[in-house]
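We name chains A, B, ... by the order of the sequence lines, and we start the count at 1 in each one.
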2 protein chains.
Amino acid sequence: MTADFSEIRRNEHLPARIASHIGREIAEGRISPGDRLPTEHLLAKTFGVSRSVVREAIAQLRNEGLVETRQGVGAFVLGPQGRGSIRIEQTALRDPETFRSLFQLRMPLEIEAAGLAAIHHDDTDLKKLDDALARMTGAEKWTDQGIVADLAFHRALATATHNEYFLLFIGFIAERISLAINAARAAAILEEIVEATIAEHVAIRDAMVTRDPMLARAAMRSHLIGAAARLELTLDIF
Amino acid sequence: MTADFSEIRRNEHLPARIASHIGREIAEGRISPGDRLPTEHLLAKTFGVSRSVVREAIAQLRNEGLVETRQGVGAFVLGPQGRGSIRIEQTALRDPETFRSLFQLRMPLEIEAAGLAAIHHDDTDLKKLDDALARMTGAEKWTDQGIVADLAFHRALATATHNEYFLLFIGFIAERISLAINAARAAAILEEIVEATIAEHVAIRDAMVTRDPMLARAAMRSHLIGAAARLELTLDIF
DNA sequence: ATTGTAAGGTTGTCTGATAACCCTATATTC
DNA sequence: GAATATAGGGTTATCAGACAACCTTACAAT
């Protein structure tokens with residue numbers, strides 16, 4: 001029998017749980033922009049925690065731009081205006097369907113990035129890419145080292161677009177996906193899969209240096225489709 | 001003489017000031033990734049505030065992904081890796097080059113979303129889309145009303161993908177762009193531009209209902225290219 | 001009609017205490 | 001000798017209660 005440690009899941013930070021609970025209430029429209037949240041005292045009593053915890057939760061929501069607090073008045077829900085940040089809960093990616101959604105989002109970004117990188121990359125970008133490739137090949141087995149190198153490759157490619165937002169978004173998404181894969185993999189990963197992955201990365205690299213955007217896009221496209229297949233994901237492809 | 005009220009600037013939230021102070025220490029390299037922050041007690045004594053304030057400041061840094069706290073051990077500075085959220089400063093978009101970068105990022109996302117929406121949309125989605133279109137057409141001039149409707153259209157399309165992340169990211173990006181445009185326009189917008197914009201949106205809508213993803217993508221593509229041209233942006237197109 | 005004042009409620013900050021947790025060193029057991 | 005228990009001290013997490021700062025409202029005073 002195999003052990004099941006799933007239920008020892010620790011507290012995971014009390015304020016964060018309360019913040020995401022309230023955040024969900026807002027996201028799902030049970031509290032509307034302009035509404036006032038219950039007082040901290042009341043929230044504390046409702047959740048059965050101390051006021052410190054509630055305060056920290058509200059502070060988090062304030063940082064995320066979801067609410068605004070006015071001393072002596074209360075905490076108010078803000079409109080979709082000015083929500084200055086995007087946040088993804090890592091735990092949500094344990095759901096296969098959610099994971100698939102994020103992977104689907106990643107595809108057009110990476111493909112476009114490959115095309116832009118083909119146009120805009122310079123020698124420095126190419127060197128970073130080759131460094132990452134070397135580390136990928138060098139790693140005997142697909143250890144953590146290899147995963148870090150994979151992430152570095154995609155970050156390097158995004159950097160080569162010379163568009164800061166591609167780096168920001170791809171780096172963010174790729175890392176979330178990488179973490180989720182890393183957390184989920186129970187079995188060791190097969191040699192041949194590693195070899196296929198490396199071969200695909202080399203293909204992307206080679207396509208990029210030709211400076212043909214369509215070639216680079218195609219290479220990235222097959223890589224992502226291949227990766228999805230290895231993860232047993234079925235995506236909408238066209 | 002004109003009054004000068006600049007110095008009455010209020011407290012501006014004690015924890016926020018301390019958080020940004022520590023954040024600056026990190027940004028400017030006086031504390032390196034991996035280092036441990038002083039203990040909360042010590043920080044409280046150093047800044048001359050209570051531990052609650054220090055805790056809230058550290059909580060803010062943790063939300064921003066700058067530090068990680070481990071109970072019983074301390075608070076540690078994180079590397080640029082693993083920042084759990086994406087944030088875009090609205091002010092940055094005043095720079096035309098930066099604005100262009102974000103618009104370029106938006107393109108592949110919206111195009112892919114149009115394709116997915118063609119496949120996955122249901123009647124509810126279509127209704128939302130038509131509502132937005134109606135509000136766009138209804139607005140006599142291209143007032144705020146029209147801008148809101150435009151945003152609603154793109155959000156409705158993203159919703160129709162039935163992929164939560166497309167909605168999250170497109171909603172976020174489209175809003176930033178919309179705000180930036182709104183802030184920049186000084187002159188009134190010409191009638192013909194409005195008409196062209198509406199016509200393009202209708203084309204997207206009609207392409208989507210055919211359930212042909214390539215058609216929907218093409219429609220969205222021409223819309224974005226058209227919009228970019230009207231903004232006098234030159235994008236990399238292929 | 002305007003201004004002053006008081007009351008009540010809410011967030012902001014302070015203080016002190018206890019729980020949960022981590023690390024290290026030492027003792028214990030085999 | 002090596003592995004395991006136990007104890008101690010330090011740190012963050014949470015709790016509890018209090019007071020300060022501030023806003024709103026209502027009412028009184030001018």
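The side-chain hydrogen bond (donor to acceptor under 3.5 Å, both in side chains) test applied to B:Gln104 returns no partner, not counting sequence neighbours. When the side-chain contact (heavy atoms from CB on, under 4.5 Å) test is applied to B:Thr39, the partners found at least two apart in sequence or on another chain are B:Arg36, B:His41, B:Leu42. Under the rule for a ring pair (Phe, Tyr, Trp, His ring centres under 6.0 Å), the partners of B:Phe153 that lie at least two apart in sequence or sit in another chain are B:His201. Remark: B:Ile177 engages B:Phe99, B:Leu102, B:Phe103, B:Arg106, B:Ile173, B:Ile181 in a side-chain contact (heavy atoms from CB on, under 4.5 Å) (not counting sequence neighbours). Evaluation of the side-chain contact (heavy atoms from CB on, under 4.5 Å) rule for A:Asp35 yields A:Ile31, A:Ser32 as partners, not counting sequence neighbours. For A:Glu56, the salt bridge (charged side-chain N to carboxylate O under 4.0 Å, His left out) partners at least two apart in sequence or on another chain are B:Arg55, B:Arg62. Listed by chain and number, the residues in a salt bridge (charged side-chain N to carboxylate O under 4.0 Å, His left out) with B:Arg100 are B:Glu97, B:Asp236 (sequence neighbours excluded).
Atom-to-atom, NE2 of B:His41 to P of D:dT12 comes out at 8 Å; the value is rounded to the nearest Å. Between the CG atom of A:Leu14 and the C1' atom of C:dA20 there is a distance of 13 Å, given to the nearest Å. Rounded to whole Å, atom C1' of C:dT11 lies 13 Å from atom CD of A:Glu68.
Residues from residues 51-62 of chain B placing a heavy atom under 4.0 Å of any atom in DNA chain C, listed by number, are B:Arg51, B:Ser52, B:Val53.
Using a 4.0 Å cut-off between a side-chain N of Lys or Arg and a carboxylate O of Asp or Glu, B:Asp131 and B:Arg135 do not qualify as a salt bridge.
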Polar-atom pairs under 3.5 Å, protein N or O versus N or O of nucleotides 8-11 of chain D: list them with distances, or write none.
from   : atom 1 : to      : atom 2 : distance (Å)
D:dG10 : N2     : B:Gly72 : O      : 3.2
D:dT11 : O2     : B:Gly72 : N      : 3.4

